[in-house]
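Data block below; observations after.
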Amino acid sequence: MFGKLKRFISVILLLTVAVCTAFSQTRKLQNNPYIDQRRLHYGFFFGMQVQDIKFRNNGFITEDGESWFADVDEYLPGFQVGVLAELYLHEHFSLRFLPSLFFGDRKVVFKEQNVTQERTYMDMKTCYVSVPVNLKFSAERVNNYRPYLVVGASPLVNLMIKKQRHVLIKPFDFQIEVGMGCDIYLKFFKLIPELKFNFGLLDIIEKTRNDLTDKSLMKFTQSIDRGVSRSISLTFYFE
């Protein structure tokens with residue numbers, strides 16, 4: 001499901017960029033022609049985000065013969081807000097700093113495979129504070145449109161950690177980001193729609209469960225070797 005969602009959003013954004021480019025073929029008066037040449041400029045953004053966790057289950061079997069399998073059962077849209085500081089490096093390159101606040105939710109299902117065929121569910125709500133750093137490569141500007149690509153890294157701190165649950169998420173994460181967008185130069189400001197994919201590099205599942213008073217929940221953590229974060233975001237910047 002997550003893969004289909006990524007492909008659908010990618011197609012929508014690519015079609016948007018293609019339409020913008022098609023409409024910009026006729027020479028037009030440029031809005032804010034020197035806005036990108038400022039050494040440092042600022043803005044703000046908001047957007048939508050869908051979060052995922054890629055679990056690696058190990059087939060652990062309990063003393064009762066149970067074997068549990070973890071997966072994300074439902075994707076719920078979250079939102080993000082933040083500010084933008086962009087440093088001009090070159091005609092086609094700039095460096096972005098994006099202090100951000102992310103709110104999201106992941107519904108995880110644990111499925112018993114051997115004995116009871118039971119299912120149990122857990123909500124993983126998150127509130128991340130992050131300061132991504134992105135390198136932006138912009139194509140040539142055509143009238144009032146300029147498509148671009150970004151790549152970067154994002155350290156994150158989760159402020160919403162809940163203990164005494166099936167699994168415990170670590171407070172720190174680190175992600176690689178890749179994305180694409182299009183600068184749209186309007187009369188008084190610049191609007192920038194952007195699609196971005198984030199890939200976590202760290203195992204965010206806490207294996208040491210000193211927080212548990214109900215030791216029967218330990219079987220869920222023991223059934224997972226690794227869990228890494230994934231997310232897709234559609235963001236609108238205003239400069």
Between [X] and [Y], is there a donor-acceptor pair closer than 3.5 Å when you use the side chain of the first and the backbone of the second?
X: Ser233; Y: Thr235; answer: no
X: Asn58; Y: Phe60; answer: yes
X: Glu112; Y: Glu118; answer: no
X: Asn57; Y: Gly59; answer: no
X: Arg209; Y: Arg165; answer: yes
X: Ser100; Y: Leu98; answer: yes
X: Glu206; Y: Ile204; answer: no
X: Arg141; Y: Asn143; answer: yes
X: Asp211; Y: Lys163; answer: no

Residues in ring pair (Phe, Tyr, Trp, His ring centres under 6.0 Å) contact with [X], at least two apart in sequence or another chain:
X: Tyr88; result: none
X: Phe97; result: none
X: Phe102; result: none

In chain order, what residues pass the side-chain hydrogen bond (donor to acceptor under 3.5 Å, both in side chains) check against [X], with sequence neighbours excluded?
X: Asp214; answer: Ser216
X: Asp105; answer: Lys125
X: Gln49; answer: Gln51
X: Ser67; answer: none

Step by step, work out the side chain to side chain contact (heavy atoms under 4.5 Å, CB included) result for Leu201 and Gln175.
CA-CA 6 Å; Leu201 300 181; Gln175 297 178 338; over 6 Å; no
Take atom [atom1] in [X]; do more than 12 heavy atoms of anything else shown fall under 6.0 Å from it?
X: Arg119; atom1: CZ; answer: no
X: Lys170; atom1: NZ; answer: yes
X: Lys187; atom1: NZ; answer: no

Hey, do the aromatic rings of Trp68 and Phe110 have their centres closer than 6.0 Å?
no
Could you walk me through whether Thr126 and Asn158 satisfy the side-chain hydrogen bond (donor to acceptor under 3.5 Å, both in side chains) test, starting with their C-alpha distance in whole Å, then the side-chain angles of each, then the deciding distance to 0.1 Å, before giving a yes or no?
CA-CA 6 Å; Thr126 57; Asn158 188 2; 5.4 Å; no
Could you pull out all residues at least two apart from [X] that satisfy salt bridge (charged side-chain N to carboxylate O under 4.0 Å, His left out)?
X: Asp123; value: Lys107
X: Lys219; value: Glu66
X: Lys207; value: Asp203

Who else is in the cluster with Val109 when I, L, V, M, F, W and Y are joined by side-chain contacts under 4.5 Å?
Tyr121
Output a table of donor-acceptor pairs, distance under 3.5 Å, between side-chain atoms of residues 146-156 and any protein atom two or more places apart or on a different chain; print 'none' if there are none.
residue : atom : partner : partner atom : Å
Arg146  : NE   : Ala139  : O            : 2.5
Arg146  : NH1  : Asp36   : OD2          : 3.3
Arg146  : NH2  : Glu91   : O            : 2.8
Arg146  : NH2  : Ala139  : O            : 3.4
Tyr148  : OH   : Glu194  : OE1          : 2.7
Ser154  : OG   : Ser130  : OG           : 2.6

Please work out which of the three classes, parallel, tilted or perpendicular, describes the rings of Phe137 and His92, given edges at 30° and 60°.
tilted
Ring geometry between Phe45 and Tyr237 (parallel below 30°, tilted from 30 to 60°, perpendicular above 60°):
tilted
Salt bridge check, Lys196 against Glu177: does any charged N sit closer than 4.0 Å to a carboxylate O?
yes
Look at the side-chain heavy atoms of Ile, Leu, Val, Met, Phe, Trp and Tyr, link any pair under 4.5 Å apart, and say whether Val129 and Met160 land in one connected group.
no
